[in-house]
Amino acid sequence: MATPESEWQKTACILCESNCGLEVRLDGRSLVKIRGDKEHPSSKGYTCEKPLRLDKYQSNPHRLTSPLRRTPQGDYEEIDWNTAISEIATKLGRIRDEHGGDKIFYYAGGGQGNHLGAAYGRSLLHALGGVYYSNALAQEKVGEGWVDSELYGSHTTGDYENSEVAVFVGKNPWQSHGVAHARTVLREIARDPGRALIVIDPRRSETAEIADIHLQVRPGTDAWCLAGILGTLVEEDLVDRPWLREHTTGTEDVLAVLGRVDVADCSRKCGIDEDLIRIAARRMARATSLATYEDIGVQHGPNSTLVSYLNKLQWILTGNFAKPGGVHMHSWLFPIAGYWHHIPPERPRRLARSRRAVGEQVMRRTAPLTRRALGAVAGSSGRRVADGVAGLGLDTFFDAVSVPLARHFANTLNMHNAPETTPVTGAPIVAGLMQATSITEEILTDHPDRLRAMWVDASNPVHSLPDSQQMRAAFEELELTVVVDVAMTETARCADYVLPATSQFEKWEGSLFTLHFPHNVYQARAPLMERLAGTRPEPEIYVALIDELGVVDKELVDQLAAVARVGRKAFALAFFSTLAARPELAGLLPYLLYKTLGSTLPKGQESLAVVWGMAHLCAIGYPDAVARAGHQGSGFDLGESLFAAIQESRQGVTITDDRYEDAWGYIHHDDKRIHAHIPMLTDELTSLLGTEPSFTTPEFPLTLSAGERRAFTANVIMRDPEWRRRDKSGALRISADDALDLGLSSGDAVRIVTEAGRAAATVEISDTMQAGHISLPNGFGLAHPDGDGAERMVGTPPNELTGIARRDKFFLTPWHKNVPARIEPVDPHPEAMKAG
Ligand SMILES: Nc1nc2c(c(=O)[nH]1)N[C@H]1C(S)=C(S)[C@@H](COP(=O)(O)OP(=O)(O)OC[C@H]3O[C@@H](n4cnc5c(=O)[nH]c(N)nc54)[C@H](O)[C@@H]3O)O[C@H]1N2
Ligand SMILES: Nc1nc2c(c(=O)[nH]1)N[C@H]1C(S)=C(S)[C@@H](COP(=O)(O)OP(=O)(O)OC[C@H]3O[C@@H](n4cnc5c(=O)[nH]c(N)nc54)[C@H](O)[C@@H]3O)O[C@H]1N2
Ligand code: SF4
Ligand SMILES: [Mo]
């Protein structure tokens with residue numbers, strides 16, 4: 001690439017979902033200077049300390065540079081790409097033919113900054129007839145996602161910048177972010193005497209440290225704590241009844257259940273003073289605006305689905321929706337899970353309904369003709385005229401057909417065609433995702449419908465899913481395992497084939513964490529440098545495999561590619577009519593776009609073809625909000641304008657601009673009301689209120705939270721331990737009381753023992769911990785080669801200690817944060833011990 005080394009180039013941080021905009025200077029292939037990008041529309045120059053040494057990701061000397069195949073001896077040999085693609089395609093095809101495509105399981109979604117590849121990967125799954133899919137969301141957000149969909153339909157976000165009161169439940173945004181410019185926002189709330197920060201966390205986390213109210217629950221007792229808060233709201237009549245009457249249904253039933261809550265009993269069970277619970281509830285009720293945020297402190301713990309519901313009832317019962325500082329649903333460039341949604345324009349074009357019937361028919365019937373006729377003029381001087389004529393056709397039908405087509409594409413790509421339960425254990429599949437704790441159960445069995453192959457991309461499930469030992473065993477059992485990654489991860493070390501991906505700074509990429517309201521932002525990141533030799537961007541890998549499988553009609557692809565050379569309108573008309581005529585192709589949409597439209601995009605940008613599709617889905621879904629964000633035209637032109645802005649803007653663009661009152665449009669229910677009563681969960685609450693929380697045993701008397709976010713953790717993205725400036729060993733934090741009991745000092749080496757396994761750790765006594773609660777960071781325990789090539793592992797791999805048995809009763813999310821454990825001193829004389 002011709003960019004001089006001294007120039008600042010724009011990109012984004014890939015270490016958490018905030019994806020702050022960055023500016024980077026290179027020296028050769030190294031990222032030598034990194035600063036926040038002031039022009040990024042959402043982060044506006046903000047960063048935390050983590051991205052400053054992102055070069056440890058980019059210039060990791062242990063990047064993969066060749067496809068690898070496992071040998072019968074269990075080590076790996078390099079093979080060329082053609083061999084890899086053809087062998088893998090053959091094996092996938094064989095499994096499909098012998099056992100059915102549904103035995104091929106796809107585990108991918110992208111990490112924190114790379115979601116383009118996963119779109120193309122889903123095309124591969126569809127091409128194989130696969131239906132089972134999952135990713136990291138299935139071990140954290142499924143319960144919340146289900147609750148959201150019952151209440152109002154989609155994911156929510158808080159407007160914390162403007163909230164008078166912000167409540168964080170099992171969430172430590174000071175370290176984990178998830179709130180734009182988190183530390184600035186938190187500090188502002190904490191400093192302002194008119195505002196309040198409320199934190200529910202068993203640890204005095206960095207966020208709890210500056211909070212106005214810290215409800216320091218006993219680990220795992222959040223359901224009782226939240227019931228106490230909600231019970232207070234009802235008992236003291238602090239709920240917003242007029243608002244609830246106007247905007248919700250079923251609330252009387254909810255209030256009746258909450259009216260029976262014994263606040264004093266809840267306070268005893270969660271270990272928080274009753275007065276403090278009541279003070280918190282009153283502060284929330286009094287606020288002119290309130291936003292709450294739950295995260296994995298509770299989603300990885302007992303009663304997680306119920307806790308999600310109770311958390312959301314806090315802002316619902318106090319009427320904090322559709323106003324500054326409240327909680328809202330938001331637009332998506334493309335929904336990362338759940339159903340696609342459409343908000344009709346305030347001023348729809350006339351005749352839309354009658355045109356729909358005619359439009360669909362015409363497009364369907366004439367699809368082959370449209371393709372041939374338009375393709376025939378590619379490369380000729382009649383191109384412009386043909387594109388213009390196609391534009392007229394498109395304009396006539398677009399309003400009428402675009403919404404149902406868009407819904408069909410998006411929901412198919414999000415695997416809403418998946419069965420409702422898994423084949424072996426009948427576990428629920430929510431939002432198209434197989435639950436994380438189901439996966440090994442669907443493999444390690446002789447059930448005829450067991451999974452036979454697993455494809456992993458940009459994820460490290462052997463390290464990040466519960467029970468690493470079982471996951472390794474599952475990899476041994478599967479007939480084919482393929483991992484696509486930039487590094488030789490713990491999962492790659494178990495795979496039959498490892499495919500080396502181009503890094504996120506060497507290819508076009510984008511994060512689909514478009515989770516904001518009222519202004520939502522998307523950034524397409526350009527490569528900062530040429531790809532590392534031997535690597536391939538994921539879209540290229542998936543497209544090559546689908547080609548090799550030979551499952552897509554080549555003539556159709558060639559015709560559409562020819563039409564793409566005529567013009568965008570001609571292409572859109574031919575493409576949409578083809579898919580209207582053949583809806584079964586919807587899952588192949590990313591592949592088809594890459595092969596056709598992609599061939600007309602500037603070199604290297606082929607993978608943005610799917611972003612073109614997403615830009616149109618977004619403009620079709622939220623036409624007014626996209627127009628308000630400054631994108632021009634209506635109908636098809638609006639999507640074109642949005643895509644052009646995304647393609648041109650290196651710092652990211654505002655894709656939608658909403659007004660607070662627009663929030664009602666985002667409700668999926670036809671009556672545009674919040675359906676507050678979820679009987680399954682009010683029943684669950686009623687039965688839970690009569691029980692005593694109890695999570696430990698005499699054998700395992702401590703509660704281990706396995707996976708705390710700290711200053712220098714970033715899931716399993718940073719493998720080089722030298723990246724960290726602090727907490728290099730990833731210490732096990734314990735309270736002074738427990739340390740005294742166990743006779744431990746900071747720096748002592750110990751063994752943590754749980755029902756699932758045992759692992760070594762280093763102790764740090766911390767006054768942030770309450771007695772009985774111990775905490776390990778996430779992202780540690782990764783093998784990394786030393787300078788001399790020897791493998792070294794720093795810190796504790798958390799999932800050597802977790803199991804799949806302790807999980808949510810409804811949606812099976814694992815209890816990573818609530819693992820009964822004991823600590824043993826490491827015996828200096830192991831042989832003597834054995835003899836004794
Ligand atoms: N630095 C950093 N930031 C990250 C990440 C990272 O790896 N490192 N990962 C990103 C990802 S993928 C995610 S999902 C988010 C997660 O973000 P967070 O959910 O904020 O992360 P955690 O630190 O795992 O958990 C939050 C808090 O839950 C508390 N907790 C433990 N047990 C309980 C309990 O029983 N009840 C309650 N109420 N709280 C409890 C912990 O003490 C902790 O302070 O972070 C994102 N941001
Ligand atoms: N015990 C315990 N377990 C946990 C957690 C916990 O708190 N405790 N947290 C859980 C949570 S919330 C999450 S989100 C998961 C996260 O765990 P994973 O889903 O495994 O996700 P990541 O860390 O995002 O994995 C990123 C992978 O992508 C690779 N990668 C980086 N760039 C690229 C690229 O451009 N292309 C490709 N193909 N690969 C790339 C990295 O090398 C790495 O292997 O872990 C979960 N596991
Ligand atoms: S780690 Fe998250 S908050 Fe920190 S700079 Fe990166 S994206 Fe922003
Ligand atoms: Mo996560």
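Values reported hereafter were calculated over all heavy atoms of this structure, with side chains retained and with hydrogens, waters and symmetry mates removed. Whatever order the structure lists ligands and atoms in, that order sets their numbers, starting from 1. Bear in mind that the values here come from a model prediction, so they are computed numbers and not experimental data.
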Under 3.5 Å between any N/O of Y107 and any N/O of ligand 2: does that happen in this structure? no
Report yes if A487 has an N/O atom closer than 3.5 Å to an N/O atom of ligand 2; otherwise report no. no
Metal environment of atom 2 (Fe) of ligand 3, protein N/O/S under 2.8 Å: C16 SG
For E140, take its heavy atoms, then give the atoms of ligand 2 lying under 4.0 Å from any of them. 12 (S), 14 (S)
Identify, for atom 26 (C) of ligand 2, the protein heavy atom at the shortest distance, and state residue, atom and that distance. A458 O, 3.6 Å
May I ask you to decide whether E708 forms a salt bridge with R733, counting only side-chain N to carboxylate O separations under 4.0 Å? yes
Atoms in ligand 2 flagged as close to G707, the criterion being non-hydrogen separation under 4.0 Å: 6 (C), 7 (O), 8 (N)
Do we see a donor-acceptor contact under 3.5 Å between the side chains of N778 and R710? no
What about I296: any of its N or O atoms under 3.5 Å from an N or O on ligand 2? no
Quick check: closest heavy atoms across T802 and A756, and the distance to 0.1 Å? O-CB, 3.3 Å
Nearest 0.5 Å, what's the CG-NZ distance between L15 and K50? 7.0 Å
Checking M434, M415, R122 against Y106 for side chain to side chain contact (heavy atoms under 4.5 Å, CB included), the one that qualifies is R122
Considering V716, N778, L801 one by one, which has a heavy atom nearer to atom 22 (P) of ligand 2 than any of the others? V716
With heavy atoms of E538 as the reference, note each atom of ligand 2 found under 4.0 Å away. 34 (C), 35 (O), 36 (N), 37 (C), 38 (N)
among protein heavy atoms, the one nearest atom 19 (O) of ligand 2 is S459 OG, 2.8 Å
Considering the heavy atoms of V484, write down every atom of ligand 2 situated less than 4.0 Å from one of them. 38 (N)
Has K817 got any heavy atom lying under 4.0 angstrom from an atom of ligand 2? yes
Which atoms form the tightest heavy-atom contact between R53 and M718, and what is the distance? O-CE, 3.8 Å
State if E708 counts as touching ligand 2 under the rule of any non-hydrogen atom under 4.0 Å. no
For atom 9 (N) of ligand 2, the protein heavy atom that lies nearest, with its residue and separation: R709 NH2, 3.1 Å
Per-atom contacts, ligand 2 versus T489 - under 4.0 Å to a heavy atom: 44 (O)
Can you tell if the side chain of P721 reaches within under 4.5 Å of the side chain of H784, non-hydrogen atoms only? yes
What are the atoms of ligand 2, with element, lying closer than 4.0 Å to any heavy atom of H300? 5 (C), 6 (C), 7 (O), 9 (N), 10 (C)
Non-hydrogen atoms of R719 versus ligand 2: any pair closer than 4.0 Å? no
Sequence neighbours excluded - ring-ring contact (aromatic ring centres under 6.0 Å, His included) pairs with any residue from residues 41-60: Y46-H177, Y57-F505
Mind listing the closest non-hydrogen atom pair of S705 and H773 along with its distance? OG-NE2, 2.8 Å
Is T502 close enough to touch ligand 2? Criterion: a residue heavy atom under 4.0 Å from a ligand atom. yes
Salt-bridge test for R183 and E49: reply yes if a basic N is under 4.0 Å from a carboxylate O, no otherwise. yes
Winner among G121, S464, P466 once heavy atoms are compared against atom 4 (C) of ligand 2: S464
So, is S503 polar-close to ligand 2, with some N/O to N/O distance under 3.5 Å? no
Suppose I only count heavy atoms of Q139 and a 4.0 Å limit; which atoms of ligand 2 are within that range? 10 (C), 11 (C), 12 (S), 13 (C), 46 (C), 47 (N)
